[in-house]
Structure formats: C-alpha cells, structure tokens
Amino acid sequence: MSEAHYNHRFIEHKWQQNWREKKLYQVENHSNKPAYYVLDMFPYPSGAGLHVGHPLGYIASDIVSRFKRQNGFNVLHPMGYDAFGLPAEQYAIQTGKHPAETTAENISRYRKQLDRIGFSYDWSREVRTCEPNYYKWTQWIFKQLFNHWYNANSNKAEHIDNLVAIFENEGNINVNHAGGEVEAFIAEEWLHYNKRQKEDILQQYRLAFIHETTVNWCEELGTVLANEEVKDGLSERGGYPVIKKPMRQWFLRITAYAQRLLDGLDTIDWSDSIKEIQRNWIGRSEGASVHFKIDQDKQNRSLEIFTTRPDTIFGATFMVVAPEHEWVSDLITSEQHDEATAYVEWAKNRSERERMSEVKNVTGAFTGSYCMHPFTGKLVPIWVADYVLGGYGTGAIMAVPAHDARDHAFAKKFGLDIVQVISNDEVDVQKESFDAKHGQCINSDFLNGLEVKEAIKAAIDFIKDKNLGEAQINYKLRDAGFGRQRYWGEPIPVVFDKDDIPSLIPDQELPLTLPTVESYKPTGSGESPLASMDEWVNTKQGRRETDTMPGWAGSSWYFLRYMDPENEQVIASKDAIKYWGQVDFYLGGAEHATGHLLYSRFWTKFLSDTNVLPFDEPFKKLVNQGMIQGTVESLYLRKEKINDVSHFVSADLVDNLDDFTQIPVHVDFVTDYKKTDAKSYLNVDGIRQFKEWRPEYDQAVFECSNGTVQNGTFEASDDSIEPVFYTKSEIGKMSKRWFNVVNPDDICEEYGADTLRLYEMFLGPLEDAKPWNISGIDGVYRFLKKTWKLFVDKDGNYLPNDQAADKKSLKTLHATIKKVSDDIQRISLNTCASTFMIAVNEFTEQKCTNKEVLEQFLIILSPFAPHIAEELWEMGGQSESIALAKWPTFDEKHLVEDSKNYPISINGKTRTNLELSLSLCKDEIEKAVLADAEVQKWLDGKPPKKVIVVPGRIVNLVV
RNA sequence: GCGGGUGUGGUGAAAUUGGUAGACACGCUAGACUUAGGAUCUAGUGCUUAACCGCGUGAAGGUUCGAGUCCUUUCACCCGCACCA
C-alpha cells in the first residue's frame, strides 16, 4: 500500500538510504561506455555550514551528471574538500583547538547537509587537501616545479639536469629561458663556480624558486599575501592593512606560461567574461624596449625603458624611473642628493593603500642626471616618481607628456616641456594629453606624416637597425608567491644546508607531514608557527623550510586525484588519466577567475610538459553559477549620541545619510521581512529582541514617525498602539555576517530536497545573480504534489495502466522530451522546470493514465527531482533504479500537426487568427486569408498592397 | 579610464534562426468546495478603456512587410581590472 499523499520526508529518507546501500553512484575507471567528467568546485568547509546559495551549482551539475548517465555515459561526479585555510587556523589561535579537528567537524556537517539534497556523488573518491596521502602529491608537484626550468626555445618545461648539462658543455650563451636575468657565462666559468654560486644561478631558472622581493605583508594576519588576496591595500580576508616588505620568498614561475595561458583560452569553452578577466590579468602588451644612454655615467650605462608607443619617441621630454629602480642612487647627483634621496625614502615607505588612494596626486623628484635621446641626441632629464612601478617592464619609462595622461600631469606639476608629435583636431596638448592611438606624426623627423600604426613599425625598425633596442612583449602577470608563514597548510618539502642552499627532500620521505605545534600564533617575526619547533626544524640534512604552501596549492590539481584517489605510486594512474581525460563540465563561482582557475591551468600545462598529463587544459567547459543573494536588514544609528544616548532612526525619517551608520540586524527580528508589497519594520517585540541581542544598545532610543521607544515602552505621537520602526532592506550577500542565512536543511525538512532542487533551478538562469525569495517555492511544491496525483489516487491506488496512449498525451510527452533534452544541454535549467509544469498540467487535463507515457516522463524528471521519480518508478513495478533508466528518445512524428492557427497581422499588428491546414501552399493560404470575413473588415474593400505568407508561421498584410 | 554583463508586468522570469511579447510560477481579485488548510478546484490579471481603439521590452533614431531580438547613438545598474608606460 502506498502513501496516498506526497510525503517527501519518507520518500527522500528511503531513497537516500537505498542509494547509499547499493553504492548506486560508484563508478569504475574502466567501462565500454564513453567517459564524462562533471566536476563541482570543491568547498572550503567553513564553520558556518552551507546556505541555500551553495547547492545551486551542485544541483545544476548533478542534473547534468544524471542526464549524461541516462544517456549512456560513464559519469565521474566526485566531491571533496579544500580543507587547508586561514579560518580554521584563526579559530585555532583563539581556542587552541587543532585545525584538523575543527576541519573534520565542519566536513562532517557539510556532508550531512549535502546528503540531504540527494546528490549522485561517488563518495568513495572523496579527497581532502589536508590529508597526508593527498598532500604528498601536492608536495611531489612542487618538487617537479623545483626541478624544472622553462626552455623558451622548445616552449616547454625541461628537467634542470638537462640545463646543468648544457652549462657544463657550453655555458648559458645559447640558453633561452623564461625567468630571471642571468649574466652570460661559459662552460669553463660554470665549472669553477662553487655550490652556492651555482645554486644562485639555477634559482633564476627553476619554476619553483626562492627570491628576495618586496612582498605584501599583513601585520595583523602575520603573513605575506598574494596580489590576488589584496584589495585596495587591505587584506581580502579580514580587511587589514597591507604594506610592502622585503622578504625571502618561494615563488612559482607562472610568468613562463603567460603566452600559453593566453593562447589556451581560445581552445576552451568558458564564458567571455572569465576569459577576458584572465586576458586582462595576464595583460599582454606589445611594444619596444629602447636604451637611452646615460650622460656622464662612469660605467657608460644605458637606461632601458619599455614603451608601447615608440611612434611618440620624439615627444619624450624627460625620463622617469621607479623609486625601486636599482640605479636610483647612482643617478642621483650631489646637487640633487638631499631632495631626491628624501623622496625615494618617502616613496618606498608608502603603503600600497596610500599609493592607491593618491593616484591623482603626482609626486616625484629630479635626480640631477640626464639621458641622451637616442633619435635626436638631445639631453633629457631623469626624474624619479612612484607613478612608475618597479615591478613592471624595466621600472623606467620615457615620458611623452603630450600623449600620455600621467606623463602630462607630471609635466604640468613640475613644469617640464610638452612637445606634440601626433596631430589631432580636438585637444590642445598643452592643456590636456591626447592619448588616442590614431593621427599623424608631426615634429618627428623621419616619422612625419605616418599614421600611428605605421609609425610604430617604422620606429621599431629604426631602433633595431641602430641597435638601440628591440621589439618586446610585456605581461602584467607576476610570478606567484608560494610561501605562507602559516601553520595550516602543506609543508614545503625543502631543507636548507649550513650555507643556506635549498634542496628537496627525497620522494621516499614524502609526505612530509605537518607536526603538531603548541601554539598556532604566528611568531610575529614573519615566520610560521613551525619555526618554533626546533626538533622538527633541525634535521640531519639541514634546516627545514618552515613556510607552508598557499591555499591554492591543493586546489590546483585536485580534479586529477579524483580519478584515482587511493593510488600510492603516482598522482593518478596513466590509465585513469587517459580514460577520464579533461573535465568535461566544470561548475563553480566566477570569483576564482584570477586565482584557482588560472593556477590550475598553469599546473596542468606544466604537468603536460612533464608527460604526466596527455592534455594541457584542465577544464573543457566552464559554467559559473550566479550568487544567490539575501536581503540585508539594517538599522540607522545616529553617528552623534544625544545626551550620551544612542539614537536609532526609522528609515522613513532618515534624510542625510552622512549623519548615520548602518547596523545590521538579525532578520528574525524583522516583521514583514521580504514580503512583497510590504516594508519591513521592527515592532516593540523586534526592538526588544534586537536589544537583547546587542546589549550595548539597551538604553538606546528608537525614533519612528508615530512615536519613540525607550526602555521597552512606546510613547505614541498619535493614537497608534504599535511602533513601526522601518528597517533598511538591501539585496546583498547571504552571509553569517549579515544574519540573513537560509539553511537548506530547513527547506529540505519543510518542502523536501526535490522541491529545493527544482526551485533553485526555477529561480532563474543559472549564471545570473538572484535574490532568494521563499514565496515562490509553494508553486514548485504544488507541482510535485500534482505530479504525485497523476500516479496515485486519494486512496493510495496506483493509477497508470496499459490503455493505449492518446495522441495528445504522446504529443505532450515528446514535446517535453525534446525541450528538456535541448535545454539541459544548453544549461537552461530554469526553462526545464517550466516545461515539466506545462507537461503535468496537460497530462492532468488529458486525464492521462498511460503507464508508458508517464514513466517516460518520470525519467526526464528524475535528474531534477530524483526521489519522487524513484518512488513512483518503483510503484510501477520497476526493480532497477531510475538513475540507470535509458533517456527516452524524442520522436518527431508525435509533434506533427495538420493545421495551424495562423496569426493574421495587418501592417505588422496581429488582428485575428485563422485555423488553416499546413498542407496548403502559399497561394492557397493567401486566398483563404483574403476570403476571411474579419480580414475583409480590416481591408475595407480595398485590395492589400502586399501579402507576406510565411507558411507554418504567420501571414502579414500591408494595406 | 579599460574590459565583461544586464535593463521586459506588482514579483521571479519566458520568447534557441527577426514572425501572435509576457510562457511557467509567485502575488493579487472574485467565486466554488470543505474533514477550515500553508488544502483543492474554477475564472480573471501588462497599461489604458464601458467596449472598440490606442500604448507597451531603459531612452532616441534606423533597417524591415514585420524588431525584445539586427544596426547607430545614449542613459542606468552590476561585476572584474586599474598609475601596467
């Protein structure tokens, strides 16, 4: 006897247990079916648990997985955890609880939440980046990077031993590599270098290398941050100030792959916006490097600059070097010493934040030195200014104030010459620079009369001919800092000997496991908590590296480990990698555009160079799900206290926002939260709850338009009984921080996982950001109940039977098959949900009881709502899971119509409809339309000027 | 400033190749039924109008028999990058 009513709690529990026991979603690495790999970006298991936004992408990818499985693919659909990270460590600092412990707890909570939603993950393949048997391979990849260099001739990574062999034979004269600048040496010299010198040279070549640089130092977090982790001079996590500080750091030479990372974008199916973000980040620009001979230089040196506008070289009236430029102190003359040195010191000590916030405010100083203009031979002064960046190009520029806004501002401020060299009709270059890349050269000797584009070519040719420089390509992309002064990360498998020369620990000692420490507090000296563990740090081979790897290390290759998670010999077997190949479908947030998504592409290319992988792009197709937003509720608080008492003011009374700060309020206290057509507000009870929650405001006054509330009593200014204290409602992130989190568990409890799944899809296009709004969920729940009623009557009897299906039902079924099959493939999952609703409405109307039709419908519904589909499938006597059922084939013949209700438009406006046979030809249709009484009325007896007949679509008359 | 994206009812949104704009839902309005529910069913619901007409996809032009869709200009909002020479 089945349940008469749709009971989601019972059904979902039953089937989740059944799938688990049968290991239904476990897959093998061998199959005669084609492989398909569907991957979610694995989560960082935070203490807050999942909110309804997280599963959005997981639901979509689960639908694709189930769809592919039913279409005959062997589908790899795994899940795991990105388990190293700062929050667990900060929690440990506060509580002393080991990060491994909190991480494990968070993971088990995540798992429970995920299980309730009915995903088809193969959990036997779960990976956790913090497990030694996982990070063993992260360390192994690091070792490979250390042991390789980038050969710019063969355009791939090669083993460092090959490089050493070359050095021993012929020095580095013929070596063309991507990496640091190295002075030329011959074999003889190499052989005479000592160990230290050799290693210093090799460090310029290795893809993982240690290097003294200025880093983004965050005092508060006690760590170095990558550029990506710094936003506007503040740490992305926590918002603490970040300054520049010199430090010895591990780096990965991602810049070696800049061009390939750029080129590879053309081969993958990702959104334009993500590709553009990456292109922008890599920041390729073409131009020329030019040497400007320094006047009166004892060493006879030339200042090398990079420009994308060599066509404007005759307009270069001064030079600028960055304060970090290595020759700055040499360039500063004794007359200029005091002023220029003071400036350089000042500029170097400015924090990132100060530099950014004062972009408009140009600063700089004259060094006292001059360069010789390579084209004219004139002397041009050399300035130092921090608008030129030490890290880009050569850290020096030729300034062309007439055609570059920044140079222009600088010239104006310091009274330097402005010489126009590109003609234009719009701007007076003495007042404003003309930066556009078009116009003709003037005042430019042999370039005169040339268009900008031609002039660039001509100038580069000249530069090359005269040996003044060469054509050059620069990238904004920087090498990636790889060391973190943190505990909760992968130890870097390196020891330093007594001469401080780094070497790798041998493979058989991997994994180098993370020891237990007494304190997780950073040492403050910039070293990780590991540094205080003498017995761990000091080994026979030397002193261990105490930095750990950054968060992105483990996530840069995790998709490979799912293929063969237990393998102890290699990161994954060749066979497994060959069978599964690239990720066919990758789903996750767009916020990883310049982090994870770039680093994993880099590692994949590297592993491809070293023959670990047969492909060099990790993710063939990428879809970015939009954020599910929440409504943030806040109260307006006067910045100034009145008589030492805090005053909150109802939103309708607030005029000048500058006088107020916004204090977030827990949405549970708010009346009419998110109801349509109602403004949300606090009543007396809400105010009381708020004060209990934030006791520091216990004495506060709440001003509303109908009175004030203080100490729990409401003094009305009119005859109202209840205060209405309006809150400010804004669409924003769903986050613990804003107290507006909706837990998927609650939705599963009330409406069921199938409703949650279908509703999240129904909400709108997957890639769009959309606010979570509970009110629509009833419609989806009703739909599932209606679906249930197609199969089960009110007494619990199973309804479908073997009576022949009528034509209409077959038409509904096949239209649905077609639409849903197409829409899943173009990831238009919201329209699938509507299509199901239409189908169920039609079947209900048709009183369809044909078992075959209804069961085929269940199959296509099952990726979206697997539990109810499974239950109704079983009721029909099926013994195998619906997840293994074959996706129905669409048959055109059921959709063929013999007539069409033509819209008849007159002058482009639809006026009437006419039912006509589809077998009619154009002329016959025209005749029939003109004969129609309604049409005649519109024609008013006159013949139409023109008749357009589109058979099967529309008829349009022009009168 | 540069790059990417989005603007359609009271709300979430459909409209895949230019062919009946607003599917499917939410909400709302009436009504039915009743084991009074967060139930079910029926009808209506872009604006305007008694109705016809008219007007309607951010705005203004254009192409076309026909434009949400194509072209030009422009406005607003969101996201990313930003002193990158």
Side-chain angles (χ1 to χ4, degrees), chain A residues 5 232 271-281 283-285 287 305-309 312 320 355-356 358-362 385-389 391-400 403-407 409-410 435 474-478 590-591 593-594 626-627 675-677 731 750-751 759 762-765 767-783 785-786 789 794 819 822-823 826 828 830-838 841 901-913 944-950 952-959:
Chain A
H5 298 286
D232 301 327
S271 73
D272 287 340
S273 78
I274 294 276
K275 287 187 183 182
E276 273 310 310
I277 290 170
Q278 291 207 348
R279 282 193 192 107
N280 214 316
W281 191 259
R284 180 190 154 105
S285 58
I305 61 101
F306 174 73
T307 177
T308 56
R309 295 294 303 274
T312 63
V320 187
R355 265 177 107 147
M356 297 225 197
E358 290 169 32
V359 167
K360 296 265 141 51
N361 194 4
V362 223
D386 71 356
Y387 82 89
V388 172
L389 306 175
Y392 182 77
T394 60
I397 61 156
M398 66 173 197
V400 183
H403 304 291
D404 181 284
R406 294 152 304 175
D407 297 343
F410 195 84
D435 296 15
N474 264 338
Y475 301 91
K476 282 191 237 175
L477 187 69
R478 308 295 163 82
E591 67 273 20
T594 55
M627 207 183 3
K675 285 220 182 111
T676 8
D677 291 341
I731 298 291
E750 261 192 88
Y751 296 95
Y759 182 57
F762 187 62
L763 224 42
E767 308 213 11
D768 291 3
K770 44 208 163 259
W772 175 260
N773 195 337
I774 194 72
S775 63
I777 206 166
D778 287 319
V780 172
Y781 191 53
R782 247 169 245 162
F783 158 74
K785 283 193 282 193
K786 267 192 209 168
K789 286 202 289 190
K794 61 181 182 344
K819 175 84 174 139
D822 288 354
D823 284 359
R826 57 190 187 102
S828 172
N830 52 328
T831 50
C832 291
S834 320
T835 308
F836 292 135
M837 291 175 181
I838 294 168
N841 289 345
N901 192 18
Y902 278 93
I904 312 299
S905 56
I906 317 277
N907 291 335
K909 290 200 170 84
T910 310
R911 294 304 181 184
T912 182
N913 286 292
K945 260 192 213 154
K946 197 171 176 183
V947 181
I948 295 103
V949 178
V950 186
R953 282 209 188 266
I954 199 169
V955 178
N956 189 18
L957 306 180
V958 186
V959 186

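Residue numbers start from 1 in every chain, and the chains themselves are labelled A, B, ... in the order their sequence lines are given, proteins ahead of strands.
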Watson-Crick or G-U wobble mate for B:rC53, both contacts under 3.5 Å: none
message: Tell me whether the rings of A:Y387 and A:F410 are parallel (<30°), tilted (30 to 60°) or perpendicular (>60°).
response: tilted
task: Whole angstrom is fine here: how far is it from CG in A:D768 over to P in B:rG4?
output: 18 Å
query: Does a side-chain N-to-carboxylate-O contact under 4.0 Å join A:K819 and A:D822?
result: no
task: Indicate, yes or no, whether a donor-acceptor pair under 3.5 Å links the base of B:rC81 to the side chain of A:N280.
output: no
Pairing partner (Watson-Crick or G-U wobble, both distances under 3.5 angstrom) of B:rU40: B:rA32
- prompt: Does the separation of the ring centres of A:Y759 and A:W772 fall below 6.0 angstrom?
  reply: yes
task: Tell me whether the OP1 or OP2 atom of B:rU20 has a side-chain N or O from A:Y902 closer than 4.0 Å.
output: no
- line: Walking RNA chain B from its 5' end, the first of A:R309 and A:N901 to be reached, judged by nearest nucleotide, is A:N901
query: A:E767 near the nucleic acid: base, sugar-phosphate alone, or nothing, with a heavy-atom cut-off under 4.0 Å?
result: nothing
message: Need one value for A:F762: base, sugar-phosphate or nothing, where a base atom within 4.0 Å counts as base even if backbone is also close, heavy atoms only.
response: base
Pairwise P distance, B:rG9 and B:rG58 [rounded to whole Å]: 8 Å
query: Can you tell me how far P in B:rU29 sits from the matching atom in B:rC75, rounded to whole Å?
result: 42 Å
- line: Rounded to whole Å, the NZ-C1' distance (A:K946 to B:rC65) equals 5 Å
field: B:rU20 OP1/OP2 closer than 4.0 Å to side-chain N/O of A:N956
entry: no
message: Does the structure show a Watson-Crick or G-U wobble partner for B:rG19, both distances under 3.5 Å? Name it, or say none.
response: B:rC65
- request: Using the P atom on both, measure B:rG56 against B:rC41 and round to a whole Å.
  value: 38 Å
- request: For nucleotides B:rG3 and B:rA67, find the distance between their C1' atoms and express it as a whole number of Å.
  value: 28 Å
- prompt: Given that A:S285 and A:D272 both sit by RNA chain B, which one's nearest nucleotide is further toward the 5' end?
  reply: A:D272
field: Watson-Crick or G-U wobble partner of B:rC26, both distances under 3.5 Å
entry: B:rG10
task: For A:Q278 and B:rC2, give me the distance from atom CD to atom C1', rounded to whole Å.
output: 18 Å
- line: Per the O4'-C1'-N9-C4 / O4'-C1'-N1-C2 angle with a 90° window around 0, B:rG61 comes out anti
field: Which nucleotide in B:rA13, B:rC24, B:rU16 has an atom nearest any side-chain atom of A:N830
entry: B:rA13
- prompt: If we take the P atom in both B:rG62 and B:rG12, what is their distance in whole Å?
  reply: 32 Å
C1' gap between B:rA59 and B:rA76, integer Å: 10 Å
message: Just N and O in the side chain of A:R953: are any of them under 4.0 Å from OP1 or OP2 of B:rG18?
response: no
- request: Check if the side chain of A:K819 and the base of B:rU16 share a donor-acceptor pair of N or O atoms closer than 3.5 Å.
  value: yes
query: Heavy atoms under 4.0 Å, any strand shown: does A:S273 hit a base, just sugar-phosphate, or nothing?
result: sugar-phosphate
query: Using the P atom in both, what is the distance from B:rC47 to B:rU57, to the nearest Å?
result: 15 Å
query: When we call it a touch if two heavy atoms are under 4.0 Å apart, what does A:I277 touch: a base, just sugar-phosphate, or nothing?
result: sugar-phosphate
message: Rounding to an integer number of Å, can you tell me how far A:K770 NZ sits from B:rG7 P?
response: 13 Å
- prompt: Counting any heavy atom closer than 4.0 Å, what does A:N907 reach on the DNA or RNA strands: base, sugar-phosphate only, or nothing?
  reply: nothing
- request: For A:R782, report the nucleic acid contact type (base, sugar-phosphate, nothing); a contact means any heavy atom under 4.0 Å.
  value: sugar-phosphate
B:rG54 OP1/OP2 closer than 4.0 Å to side-chain N/O of A:R911: yes
- prompt: What does B:rG3 pair with, Watson-Crick or G-U, if both distances are under 3.5 Å?
  reply: B:rC79
query: Base, sugar-phosphate, or nothing: which does A:V958 touch, judged by heavy atoms less than 4.0 Å apart?
result: sugar-phosphate
query: Considering only the C1' atoms, how many Å lie between B:rC24 and B:rC2, rounded to the nearest integer?
result: 40 Å
